[in-house]
Visitor: 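Before we start, here is the structure in question, set down as structure tokens.
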There are 2 protein chains.
Amino acid sequence: MKKTGGLKLMQEINQYIILKTIREKGPISRSDIAKMTKLSPTTVTSAVNGLLNEGIVTVGGIGESSGGRKPVYVEFAPDSKYIIGVSITNSCIGIGKVNMDAQVKEKKMYPGDFQKSANAISYTLDRISDYIAECEDLSLCLGISIITPGIVDAKKGIIRNNAKLHLTNVPLKEMAEERFGLKVWIDNDANAIALAENKYGKYGSRKNLIYIQMGDGIGSGIVFEDSIFRGSHGGAGEFGHISIDKNGILCECGNRGCLENYVSWPSIYNRILDHLEKGSPTTMVSHKNSKTLDISQNDFLKALHQNDELAISVLEEPVEYMANGIVSLVNLFNPDVILIGWGSLDKDSYFITRVREKVKELAFDIFTDGLEIQPTTLGGDFQLKGAASVALEEIFEVPL
Amino acid sequence: MKKTGGLKLMQEINQYIILKTIREKGPISRSDIAKMTKLSPTTVTSAVNGLLNEGIVTVGGIGESSGGRKPVYVEFAPDSKYIIGVSITNSCIGIGKVNMDAQVKEKKMYPGDFQKSANAISYTLDRISDYIAECEDLSLCLGISIITPGIVDAKKGIIRNNAKLHLTNVPLKEMAEERFGLKVWIDNDANAIALAENKYGKYGSRKNLIYIQMGDGIGSGIVFEDSIFRGSHGGAGEFGHISIDKNGILCECGNRGCLENYVSWPSIYNRILDHLEKGSPTTMVSHKNSKTLDISQNDFLKALHQNDELAISVLEEPVEYMANGIVSLVNLFNPDVILIGWGSLDKDSYFITRVREKVKELAFDIFTDGLEIQPTTLGGDFQLKGAASVALEEIFEVPL
DNA sequence: TAAATAAATACAATTTTCAAAATATTTTTA
DNA sequence: TAAAAATATTTTGAAAATTGTATTTATTTA
């Protein structure tokens, strides 16, 4: 509790309730808002007037009469303000304008190998600076939301650790706020994307969601009761480092049998090479140059979706491991939805179908009944949507 | 949001803030409350009068003057009302009066083997009925809080599943509320005890806590940001069934290598028998009758605390497995505290010391820095304290 | 065209907070 | 020892936002 109960708080709460109703149910008439919220017409009118003045809602036409004066609809105006979303990855900085419905309106990409250069942060801040310089309507900007892999203390605004980008205890929020004079949010990418899936994705109605991010490593974002589960230092969700084989491969983290060593892209890539060497048939490449080959994740997934024999056989073991890891996840978190983010992974591909089967087989029925295991649903702009979600979550939160 | 912002809500919020201040900081003068909460003296006086009328706070003497009128202290009166706490286990029903500080004021135990009789619920309800009949001050009773192992949907008040007590979808909350006309809470035991540790235990200042319950099986309760993490169907925290060895022992749940098969009491007991057969030296028993032996968990722990050779060597492997499981837990939840509930387990015993070491060794430093791994701190009444905590949590929650 | 219905606004009543003043009590100090 | 200063609590009156009711506005229906 930050605030004590005063008239102002009371007004803020009502305005929050009304805005929420308009966002979810709009276009809607003032009269219907009053009925739904059980607030008096007077209160609704005055709050709506406030919101209209702010520009955050607009009048959206006139409805049909049901035997009296026609209702005037008001609706949420998601484009009236925007967030500058920023996504830092190992190989690319993305910056863009995102509206209040987490729709990406404009996007710029700056590729680069930040794993080597070790100046990802200063480079990012410079690009943001350029971007801001070109914004004509900065007064409508609600702030900058930055997401990055690694362990992020979102509350304090510090990147605790990111081994690949060589970052330790970077107070990015403070740095950016000082430099740009705008509100800044930072968070872990998987957390942010999980939140975006929860708020704006296809399975958004489910309260408890886990997003598993596959790539060079394996991370996850956990959303519980519609808000991010961060743990004590923002480090929750290191799914790649749960051990599923006590006597397995020694991981660079010091433990043995970490999931990451069996199902990350590098490990799968090595399996592909092994199989190719053995001369397994595949549509992915002609065999002659298989040694010098550089197969991308999307090439591989494309082959998988065409039921390429090699792609499937390569995944046989990883699928087992992944399912095993997910079973532990299910037993610990009891989620409604698990979304797997791996490029263009298809919902009917061997990978996810088999994982689904295996999880169903191994976990308690009571946990798997109604559990969805699906690919992500946000589409190409998932990172910037994620970034924006973190900001929007706070902007539209209950005023307390 | 259940309520809209009205004068009543505003008053409730302020009363909540003031009561919370008195509970945490009391005995305290009205004047100091006003300073701490930044509420006006008027508001404080009127709210305190309300609380005094309710009987939930009392005047607690007069303080020393610091150059003016002496302050009149008000303080929380935890004994002014009570909760009937009920704990159902496989072998015992416990019923007792618990005050508003989760102190157990009175306790009755009803032993029995409910795993066989299959009527644990009706037996429990009958005992509660008896208990209530003897309560003279039922008007001061805030309700009945029941905890039990198994998967419990606390929100809906249904015991979803408890294999050992043969329970499926028992609407216990409704049943009890109808029969007794009192407010009833039900929850999973590990969840409840975790909450009690968080609210009333030694490590209560930490926001994120995991309680691991060792016994016939292994369960856990997760408290995140000071409230229970239940998952979708109340099933979160099935720590005993995370797999730490993909190719390990086949578990009755269908999976392989579940933690429960390596560190639960039955599995440890079997190890003891094995060792005894081999003639390992021990202070636990004379060897002659080792075959027909019935060693209790507390006998074993007592021996362990005396550094009995056999006890230690029996635990060597379980410790490894437990540490491994905890590492996964730490990587997923990033908690501040992990508390292990296993009888009278000593904080310096081989078991916990070694687990601590091993976890420190295998998990990320950033997660283990400041992480406490300790035995439980609630003492003998932990179950009833747990039950009461669930009720108190709701009784004292923010009014929204 | 008048009556009925519905949406939106205006107004008075209510309630609770807050600020300031009043009152009560105690210590300090002249 | 009495007046002044300090602190705690209560009283008083003004301010603010809600609610319910009444009113205005707009539209349909008879």
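Chain A is the first sequence line, chain B the second, and so forth, proteins listed ahead of strands; every chain is numbered from 1.
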Visitor: Have Y82(A) and D137(A) got a donor and an acceptor in their side chains that come within less than 3.5 Å?
Guide: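 Per modelled atom types, Y82(A) and D137(A) side chains form a pair under 3.5 Å.
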Visitor: Counting side-chain heavy atoms from CB outward, which of dT7(D), dT18(D), dT17(C) is closest to T43(B)?
Guide: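 Within the option list, the nearest is dT17(C).
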Visitor: Counting only side-chain nitrogens and oxygens, does S29(B) get under 4.0 Å of the OP1 or OP2 atom of dT9(D)?
Guide: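 The answer is yes; a side-chain N or O of S29(B) sits under 4.0 Å from OP1 or OP2.
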Visitor: So S40(A), base contact, sugar-phosphate only, or nothing? Heavy-atom distance under 4.0 Å.
Guide: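 Base contact - S40(A) has a heavy atom under 4.0 Å of at least one base atom.
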Visitor: Look at the side chain of K8(A) and decide which nucleotide, out of dT18(D), dA17(D), dA24(C), has an atom nearest to it.
Guide: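 Of dT18(D), dA17(D), dA24(C), dA17(D) is nearest to the side chain of K8(A).
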Visitor: Could you tell me whether F333(B) and F333(A) have their ring centroids closer than 6.0 angstrom?
Guide: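 For F333(B) and F333(A), the ring centres are under 6.0 Å apart.
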Visitor: Where the side chain of T45(A) is concerned, which of dT9(D), dT9(C), dT16(C) is the nearest nucleotide?
Guide: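 Within the option list, the nearest is dT9(C).
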Visitor: I want to check one thing: is the phosphate of dT17(C), taken as OP1 and OP2, less than 4.0 Å away from some side-chain N or O of N14(B)?
Guide: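 For dT17(C), OP1/OP2 do have a side-chain N/O of N14(B) under 4.0 Å.
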Visitor: Measuring from the side chain of P41(A) (C-beta onward, heavy atoms only), which nucleotide among dT18(D), dT9(C), dC18(C) has the closest atom?
Guide: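 Nucleotide nearest to P41(A)'s side chain: dT9(C).
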Visitor: Between atom CD1 in I62(A) and atom P in dA6(C), what is the gap in whole Å?
Guide: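 Value for this atom pair: 18 Å.
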Visitor: What is the distance, to the nearest angstrom, from the CZ atom on R69(A) to the C1' atom on dT29(D)?
Guide: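 Rounded to the whole Å, the gap is 19 Å.
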Visitor: Whole-Å distance between dT27(C) C1' and E64(B) CD?
Guide: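 After rounding, the reported distance stands at 12 Å.
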Visitor: Classify the side chain of T42(B) versus the base of dT11(D) as yes if they form a donor-acceptor pair under 3.5 Å and no if they do not.
Guide: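 Yes, a donor-acceptor pair under 3.5 Å.
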Visitor: Closer than 3.5 angstrom, by distance alone: can the side chain of N99(A) be matched with the main-chain N or O of Q103(A) as a donor-acceptor pair?
Guide: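 Yes; at least one donor-acceptor contact below 3.5 Å.
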Visitor: Can you work out whether L39(A) or P71(B) has the more 5'-proximal nearest nucleotide on DNA chain D?
Guide: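 Taking each residue's closest nucleotide, the earlier one in sequence belongs to P71(B).
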Visitor: Between P on dT9(D) and CG on D32(B), what's the gap in Å once rounded to a whole number?
Guide: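 The answer, rounded to whole Å, is 8 Å.
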Visitor: Any side-chain N or O of K70(A) below 4.0 angstrom from OP1/OP2 of dA7(C)?
Guide: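 So the side-chain polar atoms of K70(A) never come under 4.0 Å of the phosphate oxygens OP1 or OP2 of dA7(C).
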Visitor: Rounded to whole Å, how long is the line connecting atom CG of L52(B) with atom P of dT9(D)?
Guide: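 My rounded result for the distance is 12 Å.
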Visitor: According to the interplanar angle, ranging from 0 to 90°, do the rings of F229(A) and F224(B) count as parallel (below 30°), tilted (30 to 60°) or perpendicular (above 60°)?
Guide: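 It falls in the parallel class, under 30°.
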Visitor: In whole Å, I'd like the distance from the NZ atom of K38(B) to the P atom of dA19(C).
Guide: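 K38(B) atom NZ is separated from dA19(C) atom P by 13 Å.
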Visitor: Tell me whether the side-chain N/O atoms of R30(B) come closer than 4.0 Å to OP1 or OP2 in dT10(D).
Guide: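 Answer is yes, contact under 4.0 Å.
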Visitor: In this structure, how many angstroms lie between the P atom of dT18(D) and the CD1 atom of I17(A), rounded?
Guide: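 The answer, rounded to whole Å, is 11 Å.
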Visitor: So if I take every side-chain heavy atom of V72(B) and compare against dT17(C), dA6(C), dT9(D), which nucleotide ends up nearest?
Guide: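 Per side-chain heavy atoms of V72(B), the pick is dT9(D).
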Visitor: Quick one: E12(A) CD to dA16(D) P, roughly how many Å, whole number?
Guide: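 Taking CD of E12(A) and P of dA16(D), I get 16 Å after rounding.
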Visitor: Can you tell me how far the CD1 atom of I33(A) sits from the CD1 atom of I18(A), to the nearest 0.5 Å?
Guide: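 Interatomic distance, I33(A) CD1 to I18(A) CD1, rounded to 0.5 Å: 6.5 Å.
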Visitor: Testing D187(B), L378(B), V390(B), N198(B) for side-chain contact (heavy atoms from CB on, under 4.5 Å) with I193(B), which one passes?
Guide: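 So the option named by the test is L378(B).
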Visitor: In terms of side-chain heavy atoms of S31(B), which of dT18(D), dT9(D), dC18(C) is nearest?
Guide: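 The listed nucleotide nearest to S31(B)'s side chain is dT9(D).
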